[in-house]
Amino acid sequence: MLKRKRIPLALLGVASLALTACSDGGGSSEPLESLQIMAPFFSAVPPEEDDPVDQALSELAGLDLSVQWVPNTDYGSKTNTVLAGDDIPDVMVIQGKDQSFVQTAEAGGFWDLTEYLASGDYPNLVTANPQVQEAASVNGKVYGVYRARDVIRTSVILRQDWLDNLGLARPQTTADLYEIARAFTEDDPDGNGEDDTYGIINPAWGGIGNGSPYDAIETWYGSGNLWREEGGELVPAFTSDEWLQALQYERDLVSNGYVNADYATMDPATWNEPFLNGKGGIIIDVQSRAAQLAGLFKEQDPDNYDQFVALVGQLDGPNGTYALPTAGYSGFLAVPRAGVQTEDQLKQVLSALNELNSTEAQNLMNLGIEGDNYTVVDGEAVFDTAKQDFTDQVTGAWAQLGMNVAGYNAYPLQQETEYDQALYQQRLDLQAEDLANAVFNPAAGLVSPTYTTSGAQLDTIIADARIQYIAGQIDDAGLQAAIDTWRSSGGDDVTQEINDLYADLN
């Protein structure tokens with residue numbers, strides 16, 4: 001195996017002299033013979049070196065893959081250790097745009113891939129969603145191939161049997177949702193003659209802009225997504241009139257008892273229980289929870305489990321139709337300059353990553369070996385339960401290298417029943433429908449220095465005030481006072497920095 005001298009990224013991020021040394025021959029300029037990758041794993045044990053997936057992917061990539069698997073729980077600390085050392089891999093999974101990564105990238109420690117990915121020379125690396133790539137970038141520059149995730153996940157999940165008992169249609173608007181929440185609370189949806197049900201089940205959920213039910217409702221009302229553009233400038237979404245309208249809606253739901261009384265303290269791990277036990281009838285969460293709930297009902301009542309779960313997409317609000325998207329990615333694969341030291345080597349790496357984004361590679365990374373641990377029936381993958389340990393390694397490790405930026409084309413999984421298949425297809429249909437109305441965060445790719453250091457504290461000011469307002473503990477004036485505190489505590493600096501960056505790119 002070709003040995004290459006490595007220069008610590010810590011040094012690359014300190015001085016331009018070190019960067020120049022790196023690019024001008026600090027290590028070997030010979031072609032790569034292997035591709036050294038560092039990635040997290042979630043399975044019980046990582047894949048063994050040269051396992052069947054490794055061999056097949058290496059053949060596709062045209063380079064021998066050598067993966068350093070790190071337990072996900074240790075991945076953050078391991079990343080910092082590796083970047084400070086002198087044995088830098090060619091490719092690293094970077095899980096987020098933290099301060100250390102941003103500073104190192106902007107100092108030249110990672111290859112800027114912007115023009116390479118835009119060239120079209122690597123068609124499997126051309127994003128199918130430019131807004132996601134923009135969100136994954138750093139101030140307009142792309143430092144990694146992002147790992148695509150579903151852009152649309154938020155949904156409304158309801159007790160279908162309760163809707164049927166009360167003769168109610170599935171909701172289409174926030175007004176419909178309010179009326180259903182009222183009816184599920186006041187109109188005895190389970191028919192037992194007792195006042196023992198409520199509408200929306202909401203767990204304790206701190207923070208802002210992290211996909212909570214509150215974020216969804218506020219987006220449906222037209223508040224924007226963390227930031228919004230007004231008159232050519234970006235302003236925080238929570239300063240909008242629509243955000244306040246949404247909070248008033250949320251407060252009314254709570255004050256009327258249409259939400260579980262322990263919404264501010266309920267353990268999210270118990271979110272399913274009131275729905276399953278017939279206490280609450282509405283959950284605003286990711287679409288996959290609907291399938292999870294259906295599976296739990298199947299365990300309780302295999303013959304009738306298809307009668308309990310209704311899934312609808314995101315709702316029309318009083319000010320228009322808006323859908324809350326996810327960031328659309330979960331980290332990215334970045335190329336350290338200390339490992340890949342010439343442009344020719346970088347092109348080798350990008351060519352390999354291009355092949356690792358092919359349909360064949362997606363099947364290997366997400367499913368395993370066709371004819372071994374899974375077979376294809378009517379165009380769908382069916383796993384061999386006798387090979388579950390290997391499948392777990394594939395889905396819990398190799399899938400972490402999946403980028404899928406040009407689209408996910410692996411075989412879909414065969415569902416157990418017609419109802420399961422219909423629910424699965426409905427999820428896909430809703431994703432396509434709601435994507436047309438997705439409200440992306442226009443500041444997602446902008447990195448404010450003040451927010452990087454103080455963002456958690458600033459977010460807490462607004463998140464706490466939101467809960468206090470919904471609970472009726474503060475009024476409009478108290479909410480405005482919290483926003484003023486946010487501004488004076490660094491929020492105005494964040495806004496200025498974001499807008500300076502935004503102006504530079506537009």
Side-chain angles (χ1 to χ4, degrees), residues 150-166 168-185 189-190 197-205 210-220 249-250 253 258-260 262-263 266-301 304-317 323-326 415-417 419-435 437:
D150 290 338
V151 176
I152 297 294
R153 299 183 68 199
T154 299
S155 65
V156 183
I157 305 163
L158 307 99
R159 286 284 299 238
Q160 180 64 59
D161 55 329
W162 288 11
L163 292 172
D164 293 339
N165 290 344
L166 298 176
L168 296 172
R170 297 179 181 184
Q172 296 182 334
T173 69
T174 53
D176 293 341
L177 181 67
Y178 190 95
E179 171 56 23
I180 291 172
R182 183 208 63 77
F184 279 7
T185 306
D190 57 3
T197 60
Y198 57 87
I200 297 175
I201 309 165
N202 209 25
W205 200 314
N210 55 10
S212 72
Y214 307 115
D215 293 332
I217 292 171
E218 290 149 20
T219 301
W220 298 340
Y249 172 90
E250 294 161 353
L253 286 167
Y258 303 157
V259 179
N260 53 299
D262 61 343
Y263 68 93
M266 176 184 172
D267 183 355
T270 65
W271 203 350
N272 290 339
E273 293 178 9
F275 194 96
L276 292 169
N277 298 336
K279 298 300 181 183
I282 304 167
I283 290 177
I284 302 172
D285 193 34
V286 295
Q287 296 167 336
S288 58
R289 187 173 292 276
Q292 181 186 76
L293 287 164
L296 293 170
F297 276 115
K298 185 186 292 186
E299 295 175 4
Q300 294 181 0
D301 189 353
N304 301 295
Y305 80 98
D306 57 354
Q307 300 176 17
F308 298 103
V309 178
L311 174 66
V312 300
Q314 303 197 50
L315 305 179
D316 294 342
L324 175 66
T326 68
Q415 306 300 306
E416 290 185 10
T417 68
Y419 171 79
D420 295 336
Q421 180 60 45
L423 188 59
Y424 175 76
Q425 185 60 49
Q426 185 186 11
R427 289 170 58 186
L428 298 180
D429 293 343
L430 290 175
Q431 288 174 17
E433 177 184 333
D434 286 339
L435 182 60
N437 301 308

When you compare the side chain of Leu177 with that of Tyr249, does any pair of heavy atoms fall below 4.5 Å?
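Heavy-atom side-chain distance check passes, below 4.5 Å.
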Hey, are the side chains of Pro189 and Asn165 touching, using non-hydrogen atoms and a 4.5 Å cut-off?
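No - every pair of side-chain heavy atoms lies 4.5 Å or more apart.
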Any residue meeting side chain to side chain contact (heavy atoms under 4.5 Å, CB included) with [X], in chain and number order, not counting sequence neighbours:
X	result
Gln307	Asn304
Glu299	Leu296
Asp262	Asn260, Thr265, Met266

Residues in ring pair (Phe, Tyr, Trp, His ring centres under 6.0 Å) with Phe297, at least two apart?
Phe308
Only counting residues at least two apart or in another chain, list the ones meeting ring pair (Phe, Tyr, Trp, His ring centres under 6.0 Å) with Tyr198.
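Listed in chain order: nothing, the list is empty.
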Where Ser155 and Leu311 come nearest, the two heavy atoms and their spacing:
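Smallest heavy-atom distance, with atoms named: OG-CD1, 3.3 Å.
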Pairing of Asp420 and Lys298 as salt bridge, 4.0 angstrom limit
yes
Side-chain polar contacts of residues 270-286 - donor-acceptor pairs under 3.5 angstrom, sequence neighbours left out - could you list them?
unit_1: Thr270; atom_1: OG1; unit_2: Asp267; atom_2: O; d: 2.8
unit_1: Trp271; atom_1: NE1; unit_2: Ile201; atom_2: O; d: 3.1
unit_1: Asn272; atom_1: OD1; unit_2: Arg289; atom_2: NH1; d: 2.6
unit_1: Asn272; atom_1: ND2; unit_2: Gln292; atom_2: OE1; d: 2.8
unit_1: Asn277; atom_1: ND2; unit_2: Glu273; atom_2: O; d: 3.1
unit_1: Asp285; atom_1: OD2; unit_2: Arg289; atom_2: NE; d: 2.5
unit_1: Asp285; atom_1: OD2; unit_2: Arg289; atom_2: NH2; d: 3.3

So, applying side-chain contact (heavy atoms from CB on, under 4.5 Å) with Leu158, which one of Leu168, Ile200, Val309, Ile180 is it?
Ile180
[X]: side chain to side chain donor-acceptor pair (under 3.5 Å) partners, not counting sequence neighbours:
X	value
Gln431	Gln287
Thr185	none
Glu179	Arg182
Gln314	Trp220

Listed by chain and number, what are the salt bridge (Lys or Arg N to Asp or Glu O under 4.0 Å) partners of Asp176, not counting sequence neighbours?
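Counting only residues at least two positions away or on another chain, Asp176 forms no salt bridge (Lys or Arg N to Asp or Glu O under 4.0 Å).
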By salt bridge (Lys or Arg N to Asp or Glu O under 4.0 Å), Asp434 pairs with (sequence neighbours left out) none
Quick one: do the Asp215 and Trp205 side chains pair a donor with an acceptor below 3.5 Å?
no
